[in-house]
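Note sheet for the following structure.
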Amino acid sequence: MPIGGESHGNQRPSVGEAGGAHAWPEGAETEVVAERGWWPRPESLPFGGLRFSFGGSVRRRRRGRHLEFLQTPDFPVNHEESREETRRRQQYPTPLAARITPAGMGDKTWLPFPVLLLAALPPVLLPGAAGFTPSLDSDFTFTLPAGQKECFYQPMPLKASLEIEYQVLDGAGLDIDFHLASPEGKTLVFEQRKSDGVHTVETEVGDYMFCFDNTFSTISEKVIFFELILDNMGEQAQEQEDWKKYITGTDMLDMKLEDILESINSIKSRLSKSGHIQTLLRAFEARDRNIQESNFDRVNFWSMVNLVVMVVVSAIQVYMLKSLFEDKRKSRT
Amino acid sequence: MAGVGLGPLRAMGRQALVLLALCATGARGLYFHIGETEKRCFIEEIPDETMVIGNYRTQMWDKQKEVFLPSTPGLGMHVEVKDPDGKVVLSRQYGSEGRFTFTSHTPGDHQICLHSNSTRMALFAGGKLRVHLDIQVGEHANNYPEIAAKDKLTELQLRARQLLDQVEQIQKEQDYQRYREERFRLTSESTNQRVLWWSIAQTVILILTGIWQMRHLKSFFEAKKLV
(Lines give C-alpha, C1' and ligand atoms only; values in the text may rest on other atoms or scores of the structure.)
Protein backbone atom coordinates (compact mmCIF):
# COMPACT_ATOMS: atom_id res chain seq x y z
CA MET A 1 0.00 0.00 0.00
CA PRO A 2 1.40 3.39 -0.86
CA ILE A 3 2.00 5.61 2.12
CA GLY A 4 -0.46 8.48 2.11
CA GLY A 5 2.08 11.00 3.38
CA GLU A 6 4.12 10.95 0.17
CA SER A 7 1.43 12.74 -1.79
CA HIS A 8 1.41 15.64 0.61
CA GLY A 9 3.98 17.62 -1.25
CA ASN A 10 6.26 20.35 -0.06
CA GLN A 11 3.96 22.70 1.76
CA ARG A 12 5.54 24.18 4.82
CA PRO A 13 3.62 26.31 7.27
CA SER A 14 5.49 29.55 7.88
CA VAL A 15 6.54 30.48 11.33
CA GLY A 16 3.92 33.21 11.78
CA GLU A 17 0.88 30.97 11.36
CA ALA A 18 0.46 27.79 13.21
CA GLY A 19 -0.56 25.08 10.77
CA GLY A 20 -4.23 24.19 10.68
CA ALA A 21 -6.36 24.47 13.75
CA HIS A 22 -3.55 24.58 16.23
CA ALA A 23 -3.55 27.74 18.30
CA TRP A 24 -0.34 29.51 19.06
CA PRO A 25 0.24 29.22 22.81
CA GLU A 26 0.87 32.89 23.57
CA GLY A 27 2.79 32.91 26.77
CA ALA A 28 0.79 30.09 28.26
CA GLU A 29 2.66 27.01 29.20
CA THR A 30 1.17 24.05 27.45
CA GLU A 31 1.77 21.16 29.78
CA VAL A 32 1.30 17.92 28.03
CA VAL A 33 1.01 14.89 30.20
CA ALA A 34 1.48 11.64 28.38
CA GLU A 35 -1.19 9.30 29.68
CA ARG A 36 0.73 6.11 29.14
CA GLY A 37 4.11 5.88 30.68
CA TRP A 38 5.72 3.73 28.08
CA TRP A 39 6.74 4.16 24.52
CA PRO A 40 6.26 1.00 22.48
CA ARG A 41 9.50 -0.01 20.84
CA PRO A 42 9.21 -1.35 17.32
CA GLU A 43 10.15 -4.85 18.48
CA SER A 44 7.19 -4.99 20.82
CA LEU A 45 4.67 -3.96 18.19
CA PRO A 46 2.69 -6.75 16.54
CA PHE A 47 3.47 -7.96 13.00
CA GLY A 48 7.06 -8.51 14.09
CA GLY A 49 8.02 -4.87 14.11
CA LEU A 50 7.03 -3.93 10.59
CA ARG A 51 8.31 -0.42 10.06
CA PHE A 52 7.08 1.99 7.46
CA SER A 53 9.44 4.49 5.96
CA PHE A 54 7.98 7.90 6.57
CA GLY A 55 10.52 9.63 4.38
CA GLY A 56 12.38 11.19 7.27
CA SER A 57 14.09 9.82 10.33
CA VAL A 58 13.49 10.73 13.93
CA ARG A 59 16.79 11.64 15.35
CA ARG A 60 18.11 13.05 18.59
CA ARG A 61 20.71 15.36 17.21
CA ARG A 62 22.71 17.37 19.67
CA ARG A 63 24.09 20.60 18.38
CA GLY A 64 23.80 21.54 21.99
CA ARG A 65 26.55 24.06 22.36
CA HIS A 66 24.44 26.88 20.96
CA LEU A 67 22.86 28.21 24.08
CA GLU A 68 25.54 27.60 26.68
CA PHE A 69 26.63 31.17 27.13
CA LEU A 70 23.20 32.75 26.98
CA GLN A 71 21.53 33.89 30.11
CA THR A 72 18.03 35.33 29.87
CA PRO A 73 18.36 39.06 30.50
CA ASP A 74 15.69 40.89 32.42
CA PHE A 75 14.82 43.17 29.55
CA PRO A 76 11.17 43.86 28.89
CA VAL A 77 10.32 42.23 25.62
CA ASN A 78 7.73 43.76 23.36
CA HIS A 79 5.61 40.87 22.13
CA GLU A 80 3.99 42.93 19.39
CA GLU A 81 7.35 43.76 18.00
CA SER A 82 8.47 40.16 18.13
CA ARG A 83 5.55 38.99 16.02
CA GLU A 84 6.22 41.74 13.53
CA GLU A 85 9.82 40.74 13.39
CA THR A 86 8.83 37.17 12.78
CA ARG A 87 6.54 38.08 9.92
CA ARG A 88 9.35 40.03 8.33
CA ARG A 89 11.72 37.18 8.87
CA GLN A 90 12.05 36.46 5.20
CA GLN A 91 13.19 39.99 4.43
CA TYR A 92 15.66 40.06 7.25
CA PRO A 93 19.16 40.19 5.83
CA THR A 94 21.47 41.34 8.58
CA PRO A 95 19.82 44.58 9.64
CA LEU A 96 21.41 44.67 13.05
CA ALA A 97 24.86 44.17 11.67
CA ALA A 98 24.18 46.90 9.13
CA ARG A 99 22.95 49.22 11.83
CA ILE A 100 25.82 48.56 14.14
CA THR A 101 28.47 50.85 12.72
CA PRO A 102 32.08 50.05 13.38
CA ALA A 103 33.90 52.35 15.74
CA GLY A 104 34.65 55.62 13.92
CA MET A 105 38.04 55.10 12.41
CA GLY A 106 38.50 58.85 12.09
CA ASP A 107 38.34 59.30 15.85
CA LYS A 108 41.26 57.02 16.41
CA THR A 109 44.44 58.78 15.44
CA TRP A 110 46.72 55.97 16.48
CA LEU A 111 46.45 52.26 15.92
CA PRO A 112 48.98 49.80 17.20
CA PHE A 113 51.33 48.77 14.45
CA PRO A 114 50.73 44.98 14.67
CA VAL A 115 47.03 45.55 14.27
CA LEU A 116 47.73 47.62 11.16
CA LEU A 117 49.88 44.83 9.83
CA LEU A 118 47.20 42.26 10.57
CA ALA A 119 44.60 44.43 8.90
CA ALA A 120 46.78 44.59 5.82
CA LEU A 121 47.55 40.90 5.68
CA PRO A 122 44.17 39.09 5.99
CA PRO A 123 43.95 38.01 2.33
CA VAL A 124 47.19 36.12 2.76
CA LEU A 125 46.66 34.71 6.20
CA LEU A 126 43.05 33.68 5.94
CA PRO A 127 42.70 29.90 6.27
CA GLY A 128 42.14 28.59 2.79
CA ALA A 129 41.42 25.27 1.23
CA ALA A 130 44.88 23.86 1.70
CA GLY A 131 45.19 22.35 5.18
CA PHE A 132 41.87 22.69 6.93
CA THR A 133 41.50 22.74 10.69
CA PRO A 134 38.71 20.33 11.52
CA SER A 135 36.22 21.35 14.15
CA LEU A 136 36.02 19.98 17.63
CA ASP A 137 32.52 18.58 17.27
CA SER A 138 31.62 16.55 14.25
CA ASP A 139 28.79 14.25 13.40
CA PHE A 140 28.23 11.94 10.49
CA THR A 141 25.38 9.80 9.22
CA PHE A 142 26.16 6.94 6.91
CA THR A 143 24.71 3.76 5.50
CA LEU A 144 26.27 0.47 6.53
CA PRO A 145 25.38 -2.34 4.12
CA ALA A 146 24.53 -5.80 5.41
CA GLY A 147 27.45 -8.00 6.42
CA GLN A 148 29.99 -5.18 6.51
CA LYS A 149 32.06 -3.41 9.09
CA GLU A 150 33.31 0.16 8.92
CA CYS A 151 35.90 1.84 11.08
CA PHE A 152 36.79 5.46 11.78
CA TYR A 153 39.87 6.90 13.42
CA GLN A 154 40.35 10.03 15.50
CA PRO A 155 43.79 11.33 16.45
CA MET A 156 43.88 12.64 20.01
CA PRO A 157 46.42 14.48 22.15
CA LEU A 158 47.20 13.68 25.76
CA LYS A 159 44.65 14.23 28.53
CA ALA A 160 41.84 15.32 26.23
CA SER A 161 38.38 13.85 26.44
CA LEU A 162 36.66 12.05 23.62
CA GLU A 163 32.93 11.55 23.77
CA ILE A 164 31.26 9.44 21.14
CA GLU A 165 27.52 9.06 20.78
CA TYR A 166 25.93 6.82 18.18
CA GLN A 167 22.41 5.89 17.19
CA VAL A 168 20.95 3.51 14.67
CA LEU A 169 18.36 5.40 12.66
CA ASP A 170 17.09 2.85 10.19
CA GLY A 171 17.28 -0.83 9.40
CA ALA A 172 15.31 -3.79 10.72
CA GLY A 173 16.04 -4.40 14.40
CA LEU A 174 17.76 -1.03 14.78
CA ASP A 175 20.88 -2.56 16.31
CA ILE A 176 24.59 -2.60 15.62
CA ASP A 177 27.83 -3.81 17.19
CA PHE A 178 30.12 -1.08 18.41
CA HIS A 179 33.82 -1.36 19.19
CA LEU A 180 36.19 1.31 20.49
CA ALA A 181 39.94 0.66 20.66
CA SER A 182 42.78 2.72 22.11
CA PRO A 183 45.88 3.61 20.05
CA GLU A 184 47.69 0.53 21.41
CA GLY A 185 44.88 -1.71 20.19
CA LYS A 186 43.32 -2.38 23.58
CA THR A 187 39.54 -2.70 23.44
CA LEU A 188 37.96 0.00 25.56
CA VAL A 189 34.32 -0.57 24.67
CA PHE A 190 32.66 -3.53 23.02
CA GLU A 191 28.89 -3.50 22.69
CA GLN A 192 26.78 -5.94 20.79
CA ARG A 193 23.38 -5.39 19.18
CA LYS A 194 22.72 -2.05 20.80
CA SER A 195 20.63 0.64 19.16
CA ASP A 196 22.35 3.63 20.73
CA GLY A 197 25.16 4.44 23.11
CA VAL A 198 27.28 7.18 24.64
CA HIS A 199 30.91 6.71 25.70
CA THR A 200 33.48 9.11 27.09
CA VAL A 201 37.17 8.32 27.36
CA GLU A 202 40.12 10.19 28.80
CA THR A 203 42.65 10.01 26.03
CA GLU A 204 46.31 9.33 25.49
CA VAL A 205 48.28 10.36 22.46
CA GLY A 206 47.41 8.45 19.34
CA ASP A 207 44.66 7.41 17.00
CA TYR A 208 41.53 6.03 18.56
CA MET A 209 39.61 3.59 16.40
CA PHE A 210 35.89 2.92 16.59
CA CYS A 211 34.02 0.46 14.43
CA PHE A 212 30.43 -0.30 13.58
CA ASP A 213 29.82 -3.92 12.75
CA ASN A 214 26.82 -5.11 10.77
CA THR A 215 28.15 -8.61 9.97
CA PHE A 216 25.47 -10.33 12.04
CA SER A 217 22.81 -9.13 9.63
CA THR A 218 22.55 -10.73 6.19
CA ILE A 219 19.87 -8.67 4.51
CA SER A 220 19.26 -5.37 6.23
CA GLU A 221 21.46 -2.33 5.87
CA LYS A 222 21.62 0.12 8.73
CA VAL A 223 21.76 3.89 8.79
CA ILE A 224 24.01 4.97 11.64
CA PHE A 225 24.47 8.41 13.12
CA PHE A 226 27.49 9.13 15.30
CA GLU A 227 28.76 12.28 16.95
CA LEU A 228 32.20 13.04 18.30
CA ILE A 229 32.69 15.67 20.97
CA LEU A 230 36.26 16.57 21.81
CA ASP A 231 37.33 18.55 24.85
CA ASN A 232 40.57 19.92 26.19
CA MET A 233 42.27 19.61 22.87
CA GLY A 234 44.90 22.13 23.95
CA GLU A 235 46.66 23.98 21.16
CA GLN A 236 43.94 23.22 18.70
CA ALA A 237 41.36 25.01 20.81
CA GLN A 238 43.45 28.14 20.52
CA GLU A 239 43.30 27.95 16.76
CA GLN A 240 39.53 27.89 16.75
CA GLU A 241 39.48 31.37 18.23
CA ASP A 242 41.81 32.78 15.60
CA TRP A 243 39.10 35.09 14.30
CA LYS A 244 40.09 37.30 17.19
CA LYS A 245 43.20 38.23 15.25
CA TYR A 246 41.11 39.71 12.45
CA ILE A 247 38.94 42.10 14.36
CA THR A 248 39.55 45.78 13.91
CA GLY A 249 39.02 48.69 16.19
CA THR A 250 37.61 48.67 19.65
CA ASP A 251 34.13 49.08 20.99
CA MET A 252 32.95 52.55 21.85
CA LEU A 253 30.59 52.80 24.71
CA ASP A 254 28.20 55.74 24.37
CA MET A 255 26.12 55.17 21.25
CA LYS A 256 26.65 51.49 20.94
CA LEU A 257 24.94 50.39 24.11
CA GLU A 258 21.52 51.00 22.61
CA ASP A 259 22.38 48.87 19.61
CA ILE A 260 23.64 46.14 21.85
CA LEU A 261 20.51 46.26 23.94
CA GLU A 262 18.36 46.20 20.83
CA SER A 263 20.10 43.18 19.42
CA ILE A 264 19.96 41.38 22.74
CA ASN A 265 16.24 42.11 22.95
CA SER A 266 15.77 40.75 19.48
CA ILE A 267 17.67 37.62 20.40
CA LYS A 268 15.60 37.16 23.51
CA SER A 269 12.32 37.47 21.64
CA ARG A 270 13.50 35.02 18.99
CA LEU A 271 14.58 32.56 21.58
CA SER A 272 11.29 32.77 23.40
CA LYS A 273 9.62 32.20 20.04
CA SER A 274 11.82 29.16 19.69
CA GLY A 275 10.69 28.07 23.11
CA HIS A 276 7.07 28.41 22.07
CA ILE A 277 7.65 26.40 18.92
CA GLN A 278 9.37 23.74 20.94
CA THR A 279 6.44 23.51 23.31
CA LEU A 280 4.09 23.20 20.37
CA LEU A 281 6.22 20.50 18.83
CA ARG A 282 6.36 18.69 22.09
CA ALA A 283 2.58 18.68 22.20
CA PHE A 284 2.33 17.41 18.63
CA GLU A 285 4.84 14.69 19.33
CA ALA A 286 2.96 13.56 22.40
CA ARG A 287 -0.25 13.51 20.42
CA ASP A 288 1.28 11.52 17.63
CA ARG A 289 2.65 9.07 20.11
CA ASN A 290 -0.83 8.69 21.59
CA ILE A 291 -2.27 8.10 18.15
CA GLN A 292 0.26 5.34 17.63
CA GLU A 293 -0.56 3.79 20.97
CA SER A 294 -4.26 3.84 20.25
CA ASN A 295 -3.41 2.31 16.90
CA PHE A 296 -1.62 -0.47 18.70
CA ASP A 297 -4.61 -1.05 20.98
CA ARG A 298 -6.96 -1.01 18.05
CA VAL A 299 -4.91 -3.57 16.16
CA ASN A 300 -4.90 -5.82 19.18
CA PHE A 301 -8.62 -5.52 19.73
CA TRP A 302 -9.69 -6.12 16.17
CA SER A 303 -7.32 -9.04 15.79
CA MET A 304 -8.94 -10.59 18.84
CA VAL A 305 -12.37 -10.00 17.37
CA ASN A 306 -11.16 -11.55 14.15
CA LEU A 307 -9.94 -14.63 15.93
CA VAL A 308 -13.14 -15.04 17.91
CA VAL A 309 -15.28 -14.66 14.81
CA MET A 310 -13.22 -17.25 12.95
CA VAL A 311 -13.51 -19.76 15.75
CA VAL A 312 -17.22 -19.18 16.21
CA VAL A 313 -17.91 -19.44 12.51
CA SER A 314 -16.05 -22.71 12.18
CA ALA A 315 -17.86 -24.10 15.23
CA ILE A 316 -21.22 -23.16 13.74
CA GLN A 317 -20.24 -24.78 10.47
CA VAL A 318 -19.32 -28.03 12.08
CA TYR A 319 -22.51 -28.03 14.19
CA MET A 320 -24.74 -27.32 11.25
CA LEU A 321 -23.19 -30.07 9.18
CA LYS A 322 -23.68 -32.53 11.91
CA SER A 323 -27.29 -31.38 12.47
CA LEU A 324 -28.06 -31.93 8.79
CA PHE A 325 -27.15 -35.58 9.05
CA GLU A 326 -28.97 -36.12 12.32
CA ASP A 327 -32.31 -34.81 11.00
CA LYS A 328 -32.25 -37.27 8.10
CA ARG A 329 -31.76 -40.23 10.36
CA LYS A 330 -34.59 -39.14 12.62
CA SER A 331 -37.05 -38.86 9.76
CA ARG A 332 -36.14 -42.30 8.40
CA THR A 333 -36.63 -44.11 11.66
CA MET B 1 60.30 7.78 17.44
CA ALA B 2 64.02 8.23 17.08
CA GLY B 3 65.64 9.87 20.04
CA VAL B 4 66.39 13.41 19.13
CA GLY B 5 69.13 15.01 21.16
CA LEU B 6 67.35 16.44 24.13
CA GLY B 7 69.09 19.43 25.57
CA PRO B 8 68.55 21.12 28.87
CA LEU B 9 64.99 22.09 27.88
CA ARG B 10 63.88 18.49 28.12
CA ALA B 11 60.18 19.12 28.74
CA MET B 12 59.84 21.57 25.89
CA GLY B 13 61.67 19.24 23.59
CA ARG B 14 59.32 16.40 24.40
CA GLN B 15 56.30 18.59 23.83
CA ALA B 16 57.72 19.69 20.51
CA LEU B 17 58.23 16.06 19.59
CA VAL B 18 54.65 15.23 20.46
CA LEU B 19 53.45 18.14 18.36
CA LEU B 20 55.68 17.05 15.54
CA ALA B 21 54.38 13.51 15.78
CA LEU B 22 50.86 14.82 15.59
CA CYS B 23 51.72 16.94 12.59
CA ALA B 24 53.37 13.97 10.96
CA THR B 25 50.26 11.89 11.34
CA GLY B 26 48.30 14.62 9.66
CA ALA B 27 45.46 16.93 10.55
CA ARG B 28 43.86 16.30 13.89
CA GLY B 29 40.54 15.23 12.50
CA LEU B 30 38.51 12.15 11.85
CA TYR B 31 39.77 9.85 9.13
CA PHE B 32 38.84 6.51 7.61
CA HIS B 33 40.21 4.06 5.09
CA ILE B 34 38.74 3.51 1.70
CA GLY B 35 39.43 0.90 -0.93
CA GLU B 36 40.06 1.59 -4.56
CA THR B 37 36.61 1.12 -6.05
CA GLU B 38 34.85 1.69 -2.77
CA LYS B 39 32.34 4.47 -2.41
CA ARG B 40 31.63 6.03 0.94
CA CYS B 41 28.42 7.97 1.46
CA PHE B 42 27.36 10.23 4.27
CA ILE B 43 23.88 11.56 4.87
CA GLU B 44 23.19 15.09 6.03
CA GLU B 45 19.67 15.97 6.99
CA ILE B 46 19.43 19.72 6.59
CA PRO B 47 16.75 22.40 6.18
CA ASP B 48 16.62 24.37 2.93
CA GLU B 49 18.88 27.32 2.04
CA THR B 50 21.63 25.91 4.23
CA MET B 51 25.22 25.96 3.14
CA VAL B 52 27.36 22.88 3.60
CA ILE B 53 31.15 22.94 3.27
CA GLY B 54 33.18 19.75 3.16
CA ASN B 55 36.93 19.49 3.44
CA TYR B 56 38.92 16.37 2.76
CA ARG B 57 42.55 15.31 2.53
CA THR B 58 43.88 12.01 1.26
CA GLN B 59 46.96 10.04 2.13
CA MET B 60 48.16 6.94 0.37
CA TRP B 61 49.60 3.86 1.96
CA ASP B 62 53.16 3.24 0.88
CA LYS B 63 53.73 -0.49 1.00
CA GLN B 64 57.51 -0.39 1.06
CA LYS B 65 57.88 2.14 3.81
CA GLU B 66 54.75 0.88 5.62
CA VAL B 67 53.67 4.41 6.29
CA PHE B 68 51.15 6.85 4.93
CA LEU B 69 52.58 9.41 2.56
CA PRO B 70 51.77 12.99 3.50
CA SER B 71 50.08 13.70 0.18
CA THR B 72 49.19 11.93 -3.02
CA PRO B 73 49.76 13.97 -6.13
CA GLY B 74 47.91 12.72 -9.15
CA LEU B 75 45.14 11.07 -7.19
CA GLY B 76 41.70 12.62 -7.20
CA MET B 77 38.45 12.09 -5.40
CA HIS B 78 35.08 12.31 -7.04
CA VAL B 79 32.45 13.99 -4.92
CA GLU B 80 28.77 13.54 -5.67
CA VAL B 81 25.95 15.17 -3.75
CA LYS B 82 22.33 14.18 -4.18
CA ASP B 83 19.34 16.08 -2.85
CA PRO B 84 16.36 14.39 -1.11
CA ASP B 85 14.61 13.81 -4.45
CA GLY B 86 17.61 11.95 -5.83
CA LYS B 87 18.67 14.76 -8.13
CA VAL B 88 22.41 15.34 -8.36
CA VAL B 89 23.33 18.71 -6.90
CA LEU B 90 27.10 18.48 -7.21
CA SER B 91 29.20 16.02 -9.13
CA ARG B 92 32.80 17.05 -9.46
CA GLN B 93 36.26 15.73 -9.31
CA TYR B 94 38.78 17.29 -7.01
CA GLY B 95 42.47 16.68 -6.36
CA SER B 96 43.95 14.71 -3.53
CA GLU B 97 42.98 17.55 -1.24
CA GLY B 98 39.80 19.46 -1.77
CA ARG B 99 36.95 21.48 -0.53
CA PHE B 100 33.40 21.27 -1.83
CA THR B 101 30.44 23.52 -1.12
CA PHE B 102 26.77 23.30 -1.85
CA THR B 103 23.59 24.97 -0.70
CA SER B 104 20.43 22.98 -0.18
CA HIS B 105 17.25 24.14 -1.89
CA THR B 106 14.92 21.49 -0.55
CA PRO B 107 14.87 20.29 3.05
CA GLY B 108 15.68 16.68 3.74
CA ASP B 109 18.34 13.99 3.48
CA HIS B 110 21.22 14.99 1.27
CA GLN B 111 23.69 12.28 0.38
CA ILE B 112 27.38 13.10 0.02
CA CYS B 113 29.36 10.35 -1.71
CA LEU B 114 33.11 10.11 -2.12
CA HIS B 115 35.09 7.69 -4.23
CA SER B 116 38.52 7.81 -5.69
CA ASN B 117 39.03 8.17 -9.40
CA SER B 118 42.13 6.05 -9.56
CA THR B 119 42.28 3.78 -12.58
CA ARG B 120 45.84 2.61 -12.23
CA MET B 121 46.07 -0.42 -9.98
CA ALA B 122 49.69 0.34 -9.11
CA LEU B 123 48.62 3.43 -7.22
CA PHE B 124 46.66 1.32 -4.80
CA ALA B 125 49.07 -1.54 -4.29
CA GLY B 126 48.36 -1.63 -0.60
CA GLY B 127 44.64 -1.23 -1.20
CA LYS B 128 44.23 1.53 1.34
CA LEU B 129 43.69 5.22 1.09
CA ARG B 130 43.35 7.34 4.18
CA VAL B 131 40.76 10.10 3.87
CA HIS B 132 40.47 12.90 6.41
CA LEU B 133 37.00 14.38 6.26
CA ASP B 134 35.26 17.32 7.85
CA ILE B 135 31.76 18.51 7.00
CA GLN B 136 30.40 21.83 8.28
CA VAL B 137 26.73 22.68 8.09
CA GLY B 138 24.88 25.97 8.43
CA GLU B 139 26.44 28.62 10.58
CA HIS B 140 29.47 26.40 11.22
CA ALA B 141 30.27 26.92 7.56
CA ASN B 142 30.70 30.65 7.98
CA ASN B 143 34.26 31.86 7.87
CA TYR B 144 34.28 34.37 10.69
CA PRO B 145 37.85 35.61 10.26
CA GLU B 146 36.92 36.55 6.70
CA ILE B 147 33.68 38.21 7.76
CA ALA B 148 35.44 40.12 10.53
CA ALA B 149 38.08 41.39 8.15
CA LYS B 150 35.66 42.23 5.35
CA ASP B 151 33.12 44.13 7.43
CA LYS B 152 35.70 45.47 9.85
CA LEU B 153 33.94 44.26 12.93
CA THR B 154 34.98 44.61 16.53
CA GLU B 155 34.90 41.68 18.89
CA LEU B 156 31.47 42.49 20.27
CA GLN B 157 30.04 43.01 16.81
CA LEU B 158 31.46 39.74 15.64
CA ARG B 159 30.04 37.95 18.63
CA ALA B 160 26.66 39.49 17.98
CA ARG B 161 26.87 38.38 14.36
CA GLN B 162 27.72 34.87 15.43
CA LEU B 163 24.76 34.84 17.78
CA LEU B 164 22.43 36.06 15.07
CA ASP B 165 23.63 33.40 12.66
CA GLN B 166 23.22 30.69 15.25
CA VAL B 167 19.72 31.72 16.14
CA GLU B 168 18.78 31.96 12.49
CA GLN B 169 19.99 28.41 11.99
CA ILE B 170 18.02 27.21 14.99
CA GLN B 171 14.92 28.85 13.57
CA LYS B 172 15.46 27.17 10.21
CA GLU B 173 15.86 23.80 11.83
CA GLN B 174 12.67 24.30 13.78
CA ASP B 175 10.74 25.24 10.67
CA TYR B 176 12.01 22.08 9.08
CA GLN B 177 10.97 20.17 12.19
CA ARG B 178 7.41 21.45 11.84
CA TYR B 179 7.30 20.40 8.24
CA ARG B 180 8.57 16.94 9.11
CA GLU B 181 6.15 16.60 11.98
CA GLU B 182 3.26 17.43 9.72
CA ARG B 183 4.23 14.72 7.25
CA PHE B 184 4.69 12.26 10.06
CA ARG B 185 1.28 13.10 11.44
CA LEU B 186 -0.40 12.59 8.08
CA THR B 187 1.28 9.23 7.63
CA SER B 188 0.31 8.12 11.13
CA GLU B 189 -3.29 9.08 10.66
CA SER B 190 -3.54 7.37 7.30
CA THR B 191 -1.98 4.22 8.77
CA ASN B 192 -4.46 4.36 11.60
CA GLN B 193 -7.39 4.58 9.22
CA ARG B 194 -6.15 1.82 6.96
CA VAL B 195 -5.68 -0.57 9.86
CA LEU B 196 -9.21 0.06 11.07
CA TRP B 197 -10.87 -0.31 7.68
CA TRP B 198 -8.93 -3.41 6.76
CA SER B 199 -9.82 -5.12 10.04
CA ILE B 200 -13.50 -4.38 9.59
CA ALA B 201 -13.38 -5.56 6.01
CA GLN B 202 -11.62 -8.76 7.03
CA THR B 203 -14.26 -9.52 9.65
CA VAL B 204 -17.10 -8.89 7.21
CA ILE B 205 -15.44 -11.09 4.59
CA LEU B 206 -15.03 -13.90 7.06
CA ILE B 207 -18.67 -13.81 8.10
CA LEU B 208 -19.87 -13.71 4.50
CA THR B 209 -17.58 -16.58 3.55
CA GLY B 210 -18.93 -18.62 6.43
CA ILE B 211 -22.54 -18.05 5.39
CA TRP B 212 -21.81 -18.87 1.75
CA GLN B 213 -19.98 -22.04 2.73
CA MET B 214 -22.92 -23.25 4.78
CA ARG B 215 -25.45 -22.54 2.06
CA HIS B 216 -23.33 -24.21 -0.60
CA LEU B 217 -22.71 -27.30 1.45
CA LYS B 218 -26.38 -27.59 2.37
CA SER B 219 -27.50 -27.42 -1.26
CA PHE B 220 -24.73 -29.88 -2.19
CA PHE B 221 -25.85 -32.42 0.32
CA GLU B 222 -29.49 -31.98 -0.62
CA ALA B 223 -28.60 -32.47 -4.26
CA LYS B 224 -26.73 -35.66 -3.48
CA LYS B 225 -29.73 -36.86 -1.50
CA LEU B 226 -27.64 -37.31 1.63
CA VAL B 227 -29.80 -35.04 3.75
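Every chain is numbered from 1, with letters handed out A, B, ... down the list of sequences. No hydrogens, no waters, no symmetry mates; every other heavy atom, side chains included, goes into these values.
Of the residues considered (Y153(A), F140(A), F152(A), F142(A)), Y153(A) shows the highest number of contacts with chain B, using heavy-atom pairs under 4.5 Å. Of the residues considered (L321(A), V305(A), V312(A), N306(A)), N306(A) shows the highest number of contacts with chain B, using heavy-atom pairs under 4.5 Å. Taking R298(A), M310(A), M209(A) one by one and counting their heavy-atom pairs under 4.5 Å with chain B, the maximum is reached by R298(A).
No donor-acceptor pair closer than 3.5 Å links the side chain of T101(B) to the backbone N or O of I53(B). The backbone N or O of G35(B) sits less than 3.5 Å from a side-chain atom of E38(B), completing a donor-acceptor pair.
W212(B) and H216(B) have parallel rings, their planes meeting at less than 30° on a 0 to 90° scale where 60° marks the start of perpendicular.
Aromatic ring centres of Y31(B) and Y56(B) lie farther apart than the 6.0 Å criterion allows.
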